[in-house]
Amino acid sequence: MSKQPEQELIDIRAGRDLSVLDLISVDPLTDDDITLIFDIARKFRDFETHKFDLNKNRSMVNVFFENSTRTMSSFDLAGKNLSMDTTSISSSSSVKKGESYIDTAQTLDSYNVKALIVRTSESGASEMIARHVKAAVLNAGDGWHEHPTQALLDALTILDHYDVTDMKDKIVTIVGDIRHSRVFGSMVRLFNKLGATIRVAAPQTLLPMHADKFGVEIFYDVEDALKDAHVVYALRVQEERGSNGYIPTLREYSKMYGITRKRLDLANDKALLMHPGPVRRDVDVHSALVTMDEQSHILRQVENGMAVRKSLLWLLCNRNDGKTKDAVKL
Ligand code: CP
């Protein structure tokens with residue numbers, strides 16, 4: 001008789017737990033943590049249409065102080081797929097009325113929820129909230145700092161495409177608004193752990209200060225950066241963070257840095273075209289490449305996002321070791 005999907009997940013997990021109680025940054029994740037997250041995510045992906053009861057009687061809140069399409073819907077659907085009770089706060093009404101992030105988070109924590117999924121425009125807010133609540137905090141993007149689940153789903157997409165366990169012989173070229181990108185913040189940390197060669201291509205004004213300290217190779221000519229790359233990763237020019245003030249015009253930016261068919265052809269034959277979304281068609285990437293081109297993995301990234309978030313919600317909300325957090329009260 002074949003095993004139930006739940007039992008297959010439990011068998012794959014084999015009593016393992018993450019070394020962290022929150023996911024604020026990819027920095028503290030160990031090699032074992034990364035392996036565990038991906039082992040479980042792949043197994044969830046195998047049972048895409050099955051509804052699991054692994055997190056039954058547990059609840060979570062999406063606390064989104066900044067807009068989101070992919071991350072919020074993905075966490076919400078992932079929680080529901082695990083039979084969690086989920087609710088979402090997508091406007092910061094309490095904060096607009098003068099309440100602090102910490103008071104808002106502690107209010108939600110009083111429901112004994114197992115997870116708060118937090119997105120803010122300010123760097124560091126998720127970490128601050130995590131210290132003050134008992135629930136596991138999963139950083140869904142904090143300002144310019146990090147977006148750890150995005151980097152994890154991106155790494156899973158790349159490893160599975162090349163059927164490898166690390167990125168030691170892989171060149172990842174990241175093109176675009178590096179300066180304002182929390183996706184870059186998590187990607188550079190995680191991909192360096194996985195051994196990738198990371199190239200960045202951007203106008204000097206869209207690079208962070210001291211970009212040379214990040215363990216990346218810097219290119220100002222996108223075509224040089226794309227040569228033989230295994231991954232072409234485009235980032236959006238983030239107008240909401242003032243990026244337009246760092247480039248002459250979007251048209252000129254696109255002409256110099258936008259990913260076109262001709263530019264993609266400079267990369268390795270099997271190269272993946274990736275983007276965290278939302279894509280600005282014909283600015284970051286030529287429209288014809290976004291979803292229709294066989295090298296585009298942009299929608300595959302979204303699919304893998306669900307699997308990675310299910311994995312994290314199960315691991316962080318349902319620990320075998322019984323570890324809990326102490327919440328600091330203000
Ligand atoms: N990639 C990403 O974070 O997209 P959303 O802003 O739609 O969540």
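First listed ligand is number 1; within each ligand, the first listed atom is number 1. These numbers come from a predicted model, not from an experiment.
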Suppose we screen for salt bridge (charged side-chain N to carboxylate O under 4.0 Å, His left out). Which residues come up paired with Lys323, at least two apart in sequence or across chains?
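Partners of Lys323 by the salt bridge (charged side-chain N to carboxylate O under 4.0 Å, His left out) criterion come out as none, since no residue qualifies.
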
Under 4.0 Å from any heavy atom of [X], which atoms of ligand 1 are there?
X: Ser68; value: 5 (P), 6 (O), 7 (O), 8 (O)
X: Thr69; value: 5 (P), 7 (O), 8 (O)
X: Thr71; value: 2 (C), 3 (O), 4 (O), 5 (P), 8 (O)

Quick one: look up the protein heavy atom nearest [atom] and list residue, atom name and how far away it is.
atom: atom 1 (N) of ligand 1; answer: Pro276 O, 2.8 Å
atom: atom 4 (O) of ligand 1; answer: Arg70 NE, 3.2 Å
atom: atom 6 (O) of ligand 1; answer: Arg119 NH1, 2.9 Å

Sorted by first residue and then second, give each side-chain hydrogen bond (donor to acceptor under 3.5 Å, both in side chains) pair with at least one member in residues 200-214; sequence neighbours left out.
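Those involving residues 200-214 do not exist here.
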
Is Gly277 in contact with ligand 1, taking contact as a heavy-atom separation below 4.0 Å?
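So Gly277 counts as touching ligand 1.
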
Less than 3.5 Å between some nitrogen or oxygen of Gln150 and one of ligand 1, yes or no?
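In this structure, Gln150 places an N or O atom under 3.5 Å from an N or O of ligand 1.
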
Ligand 1 to Met72 polar contact by distance, N or O atoms, under 3.5 Å
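Between Met72 and ligand 1 (N or O atoms, distance only) the closest approach is not under 3.5 Å.
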
Of the listed options Arg236, His147, His275, Gln301, closest to atom 3 (O) of ligand 1 (non-hydrogen atoms)
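That would be His147.
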
Over 12 non-hydrogen atoms of neighbours within 6.0 angstrom of CZ in Arg131:
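Result for CZ/Arg131: open.
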
Could you state whether Ile218 and Val172 fall into the same hydrophobic cluster, counting links through intermediate Ile, Leu, Val, Met, Phe, Trp or Tyr residues with side-chain heavy atoms under 4.5 angstrom apart?
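As far as the 4.5 Å side-chain criterion goes, Val172 and Ile218 are connected within one cluster.
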
Lys170 charged N/C atom sitting above Tyr162 aromatic ring, 6.0 Å / 45°:
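Yes, Lys170 and Tyr162 form such a contact.
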
Does NZ or CZ of Arg309 fall inside the cone over Phe75's six-membered ring, less than 6.0 Å from its centre and within 45° of the axis?
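Relative to the ring axis of Phe75, which defines the angle, Arg309 lies inside both limits.
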
Inspect the contact between Lys43 and Asp39 and indicate whether a charged nitrogen and a carboxylate oxygen are less than 4.0 angstrom apart.
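No, Asp39 and Lys43 are not salt-bridged.
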
